[in-house]
Amino acid sequence: MNPLASATSQPRALLVLEDGTTFEGRCCGASGETFGEIVFNTSMTGYQEIISDPSYAGQIVTLTYPQVGNYGIDPAVMQRDTLHLRGFVVHDMCYEPSNWTSKQSLPEFLQENGIVTIEGIDTRALTMHLRDFGAQKAAISTEDLDSAHLLARVQASPHISEHNFVPDVSVTAPYVVPATSKKRFNVVAYDCGEKNGILQGLAANGCEVTVVPWNTPAEDALAYNPDGIFFSNGPGDPEQVDATQEAARGVLGKVPVFGICLGNQMLSIVAGADIEKLKFGHHGGNEPVMNLLTGKVEITAQNHNYGLVFPSLGKLIAEESGGISEHFDNLCEWSARHIAPVVQTKEFGRVRLTHVNLNDGTPEGIQFLDIPAFSVQYHPEANPGPHDSSYLFKAFARLMERQSDYLAIDVREGRRF
């Protein structure tokens, strides 16, 4: 039996937020202490994919679903071999999983990987607090149980925007992932913290993928003579990821380009957009997004704290935006009118808003109209999450085939790779 399985044997643990909010609980992973930005994830399943997502580097992740760990750990669904999240918060940890694929329990796995984890707290109250006051610095400790002292240390700890986490999660040398269907394309993928599921999505659509480090110069990527270039998801503040920005600037307009999550932010920055930090971000598998080109709504998997400010890309082109010349404060106005607005950027011509989050009206996707490129802010490979958005890998294939309507795919066509 796992030595952590007895509540009486579990060390006490303390969770302290930057604003002084404190939760007492029990250790259910590695003991010790950890500091990071605390966020919440609303997925009901998929905890293994969540904790192995490199985009959580620098963050302490809270799961809103109350019981966690009941189906154990299966190495086959890992998104990366190394865990990069800073800490983990759950309400009720399961120590004796029941599933035929399970190789070990979640608490054993967290302990082996050095992830400080706390259970026995009211995660509903914590989530509501973060929704009201936003993501913030926090710490979990089994060593420093003086809340006032730990609070002072949290407040003195660095902000997540002060560090570039992408080099911590990127590969250091190129490698090749073969296509798993008939090979049709050679793709170079910039690894900024890429999930295995995304590589599988590309490979399943006929792409042989050469994965390269985040700071690979554009000329080196183009030297592979690719049919397309992909920019992956990844952690932290996109403004810190300067080398990938430069690479995006160097390849846009030369080959078809697709970006996901951090990749979307890279293309947006290069196109002249401002980036904002969302109050508590989007983390979960139930975010409704409308494709403005088809009017269809897809339920999406998301994990990001930053996003582009669409109006900052440029002025609206009224004749291509339903006759509207002024930006709306809430982008849901475009979804209500079934219009995909177009702006004029300074360097790359026209850019169209293609996807909008129906919960908060934030932009979820853009399409460059004068060069072959598009990007989305969410994770279409569904690890974990729904498969509604897997059509985007097909859209990238259609873009590499130079089809003009490559994004106008009914969500019902592509729910599986």
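Atom set for the values below is all heavy atoms of this structure, side chains included, hydrogens, waters and symmetry mates excluded. One-based numbering along the sequence shown. None of these values were measured; they are calculated from a predicted model.
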* Contact check, side chains of Glu119 and Asp92, non-hydrogen atoms, under 4.5 Å -> yes

* To do: Measure the spacing between OG1 of Thr180 and CG of Leu202 and express it to the nearest 0.5 Å.
  => 10.0 Å

* To do: Return yes if some donor-acceptor pair links the side-chain N/O of Thr216 with the main-chain N/O of Pro213 below 3.5 Å, else return no.
  => yes

* Give every residue pair that meets the side chain to side chain donor-acceptor pair (under 3.5 Å) criterion with at least one member in residues 223-240, sequence neighbours excluded. => Ser55-Asn233

* **Salt bridge Glu401-Arg184, side-chain N to carboxylate O under 4.0 Å** => yes

* Would you mind listing every salt bridge (charged side-chain N to carboxylate O under 4.0 Å, His left out) that reaches into residues 63-80, with sequence neighbours excluded? => Arg80-Asp191

* To do: Would you mind listing every ring-ring contact (aromatic ring centres under 6.0 Å, His included) that reaches into residues 237-258, with sequence neighbours excluded?
  => Phe230-Phe258, Phe258-Phe374, Phe258-Phe396

* Asked: Can any side-chain N or O of Thr354 pair as donor or acceptor with the backbone N or O of Gly365 at less than 3.5 Å?
  -> yes

* Not counting sequence neighbours, list each pair that qualifies as a ring-ring contact (aromatic ring centres under 6.0 Å, His included) and has a residue in residues 186-213. => Tyr190-Phe231

* Asked: Can you check whether Tyr306 and His304 have ring centres sitting under 6.0 Å from each other?
  -> no

* Mind checking whether Gln377 and Val289 have side chains closer than 4.5 Å, heavy atoms only? -> no

Using residues 323-335 as the side-chain source, report each donor-acceptor pair under 3.5 Å to any protein atom, sequence neighbours left out, with the distance given to one decimal.
{"from": "His327", "atom 1": "NE2", "to": "Gly314", "atom 2": "O", "distance (Å)": "2.9"}
{"from": "Asn330", "atom 1": "OD1", "to": "Cys332", "atom 2": "N", "distance (Å)": "2.8"}
{"from": "Ser335", "atom 1": "OG", "to": "Cys332", "atom 2": "O", "distance (Å)": "2.7"}

* **Residue pairs fulfilling salt bridge (charged side-chain N to carboxylate O under 4.0 Å, His left out) with at least one residue in residues 196-215, sequence neighbours excluded** => Lys183-Glu208

